[in-house]
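First comes the structure, then the notes that go with it.
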Amino acid sequence: RLVVTRRAADATWHRGRAGLTYRDLIPDRLGGRFIASHIRIEEGGPVPDYVHFHKIRFQMIFCKTGWAKLVYEDQGEPFLLEAGDCVLQPPEIRHRVLEASDGLEVIEIGCPAVHETFADNNMELPTGRVLPVRLYGDQRFVRHIAAEAQWRPWHLPGFEARDLGISAATDGLAGVRVVRATDRVRADATAHGGEFLFYFVLKGEMALSGSNLGKHVLAADASVVIPNDAAFALEASAGTEFLEVCLPDLA
């Protein structure tokens, strides 16, 4: 079914692990299949995290504002995840959040919604190794750097997208892109037929409509899950940007 979540200012935020606060972008979790969280740290500095891993099918983190210093098993020295950047956290990769800026905000999406998290007290990070093609549960680690990305035409006219490399790293299990309107545009899309299609508006405003969906105006920080059997239309002004996450990759 259609799931629309509005502005962050109207949401209820909950405190979670390591001083993070969360708002749930899919309140019913689609029957336990997916979780999408808008996460923030208001006051930056060292993060009281520890080396841990998740038993999960799919998990990604997109940095919306600010930065976080992260370190991953066999992926080199700690690095900054900055605004527009993204990481794919493959199943059971050990990792840790070391530090964050004031006002850090990220979007995290995982499947299934409830998954096990374990501490690893025996591993020290960094490991001193850089193994970019290592597989973790048939997936590779991805660090997408927005400043180095290229924009290409999206599958709907009037939009362009930068691919975050997650489809290639998961063998098509998931596709993740940042999409933006190149002009004021209205474009029609057929029913996607997939397992999951999620949009989060990063800047600007867009409208989503369909004969079985009604019309919904989505401003920055709003999100939507689109049912797989519904055709829909998107309307957006030039410069509007949104994060697209789909399982499987729909490209």
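Between His144 and Val176 the shortest side-chain heavy-atom distance does not fall below 4.5 Å. Side chains of Val178 and Phe62 form a contact here, defined as non-hydrogen atoms less than 4.5 Å apart. By the 4.5 Å heavy-atom criterion applied to side chains, Val3 and Leu30 are counted as neighbours. By the 4.5 Å heavy-atom criterion applied to side chains, Leu213 and Pro227 are counted as neighbours. When side chains are defined from C-beta on, Leu247 does not count as touching Phe198, because their heavy atoms never get closer than 4.5 Å.
A cation-pi contact, defined as under 6.0 Å to the ring centre and within 45° of the axis, is absent between Arg177 and Trp154.
Without hydrogens or angle criteria, His216 side chain to Val224 main chain gives no donor-acceptor distance under 3.5 Å. Glu244 places no side-chain N or O within donor-acceptor distance of the main-chain N or O of Gly175, the cut-off being under 3.5 Å. Using modelled atom types, one side-chain atom of Thr65 and one backbone atom of Gly103 make a donor-acceptor pair closer than 3.5 Å. Under the 3.5 Å distance criterion, the side-chain polar atoms of Ser101 are matched with a main-chain donor or acceptor of Trp67. A donor-acceptor pair under 3.5 Å is formed between the side chain of Thr182 and the backbone N or O of Gly158.
Checked options Tyr72, Tyr136, Phe118, Phe79; the residue passing with His95 is Tyr72 (criterion: ring-ring contact (aromatic ring centres under 6.0 Å, His included)). A side chain to side chain donor-acceptor pair (under 3.5 Å) with His38 is found for one member of Lys64, Glu108, Glu105 and no other, namely Glu105. Of the candidates Glu73, Lys55, His54, Glu92 forms a side chain to side chain contact (heavy atoms under 4.5 Å, CB included) with just one, namely Lys55.
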### Message
Pair Asp49, Arg96 - check salt bridge (Lys or Arg N to Asp or Glu O under 4.0 Å), show working.
### Response
CA-CA 6 Å; Asp49 198 10; Arg96 183 181 175 189; 5.7 Å; no

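A salt bridge links Lys215 and Glu235; the closest N-O separation between the charged side-chain nitrogens and carboxylate oxygens is under 4.0 Å.
For Asp28, the CG atom is densely surrounded, since the number of other residues' heavy atoms within 6.0 Å is greater than 12.
Applying the side-chain hydrogen bond (donor to acceptor under 3.5 Å, both in side chains) test to Arg140 and every residue at least two apart in sequence or in another chain returns nothing.
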